[in-house]
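I have placed the structure first, in the form of structure tokens, so that the comments after it can refer back to it.
Counting starts at 1 for both ligands and their atoms, following the listed order. We count residues from 1, following the sequence as given.
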Amino acid sequence: MLTVMKFGGSILSTAEDLRRAAGIIKARSKERKVVVVSALKGVTDSLIGAGKSALQKEPNTQQYCSELKGMHLQLLGAIKDPIIRANSKDLIEEKMAGLERALLGVHYLGEMSPKALDLVQTFGERLSAVVVAAFLNDEGEKSVSVEAHEAGLFTDGCFGKARTTEKAEAEIRGKLLHLLKQKKTVVITGFFGADEQGNICCFGRGGSDYSAGIIAAALGADRLELWKDVPGFYSADPKTVKKAVLLKELSYDEAEEIGYFGAKILHPKTIAPVRKKGIPVVVKNVLTPGIDGTIVTAANKKSEKVIKAISSKTGIIAVTVKSAEMATTPGVLAKIFAPIAEAGIEVDFVSTSETSVSFTIDKKEKDKAMQALQSLGNCFDMLSVEEGIALVAAIGEGMKPSVDITGKVFGALAKEGINVEMISQGASEINLSLIIKEKDLAKAINALHAAIV
Ligand code: ASP
Ligand code: MG
């Protein structure tokens, strides 16, 4: 049995957390294990801060670095075995020297390219892998820490939002199986890989889940476990909906959709690699290690529930482009979306009519989007932006057969006096998305949860 276990930053903070994680891993004595780690809690944000500071005339590099180093060395202070402690300390110092060089480079160049930012950001995982391996070895679990690029995790070279490439699979398998054969647990950095020239590229924030998916798929693991401080996916945010329940089973498609809406349980990119190999993904809580939280598999078990979850997204705006040309001329949509894509703006939701298209984007991207669309000159008749909106989505495989979900959705919202501004149903037919006023969101989620989940 080969298991890939991913530990996120929110559960890697104190020495107690690290001992607990080491205990969980060690307890699985009959399995071969690859442990994928995120940076310790807060470290990625600090690294980004350090990078920004390095751009200033008088950077706070020393302060950032001494804090980061102090934090990791302090944890190593809890290691009982003096040899393990000393060896790990040397490794931390080596990584810190690498970070200082990278920050110095940013400072002297006076420029933080996407490539430089990616390099700087990865030190969190490089440091945490050393610390996690130290705690494992200290618990008597023979372990070795490796960095993803050394383990053959090749990417396409798109800084900040890289994807893995086909070449990675065989490389990872070769490198990691070799280490596992030595009867060692492998602790590997999440969040990044390298392109074929050896440039370090990140997968985007929260990307360690994706690393874990890639590694699980490459190794043909029996399961991928995502360890968290929550039990798993819920039918709605329990903070908003009192009656929200833990979802014991989800399909890959459902998990991908819910993850996309920022449930922060798993990064949606994680699913593609494991889906290809049919590897089950299990969300587990460090406080109840004996229990499986949510299990995500291909099995499209027909549940009695048509809708599994209500998700939502705020902090968005809707952009509407109206053009009479759309009705008669092919390619207008492509024309509109091309500059948006070029500006690197992610689109969440699209709804079209014969002569207009509306789409939602992050509200922080408003100016960029407006500039991008202005570049189209007079290709449209009207451009408008709506703020103060929210996206709410009903998700579930059960929507596929023709069940009258839409009627129930509109009925439930109408009863609460909530106006639906736009609607879109994905071609996958497992997601029905609506745009409503942000002020109505909590009421809408509760009404939908009561009516259809
Ligand atoms: N450490 C990275 C982040 O904070 C990656 C991750 O945690 O998955 O985004
Ligand atoms: Mg995460």
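Below 3.5 Å of separation, one finds an N or O of Ser38 facing an N or O of ligand 1. Between Lys6 and ligand 1, no pair of N/O atoms sits closer than 3.5 Å. For a threshold of 3.5 Å applied to N or O pairs, the pair formed by Gly206 and ligand 1 contains at least one separation below that value.
Here the NZ-CD distance, from Lys368 to Glu342, works out to 12.0 Å after rounding to the nearest 0.5 Å. Atom CE of Met5 and atom NZ of Lys284 lie 8.0 Å apart (nearest 0.5 Å).
Taking the six-membered ring for Trp, Phe359 and Phe337 have ring centres closer than 6.0 Å.
When each of Glu256, Glu257, Glu254 is checked for a side chain to side chain donor-acceptor pair (under 3.5 Å) with Asn431, only Glu257 meets the rule.
Residues forming a side-chain hydrogen bond (donor to acceptor under 3.5 Å, both in side chains) with Ser211 (at least two apart in sequence, or on another chain): none.
Using 4.0 Å as the threshold, Gly9 has no heavy atom nearer than that to any atom of ligand 1.
Counting atoms of ligand 1 from 1 in the listed order, those under 4.0 Å from a heavy atom of Arg205 are 3 (C), 4 (O), 9 (O).
Heavy atoms of Glu125 found under 4.0 angstrom from ligand 1 belong exclusively to the side chain.
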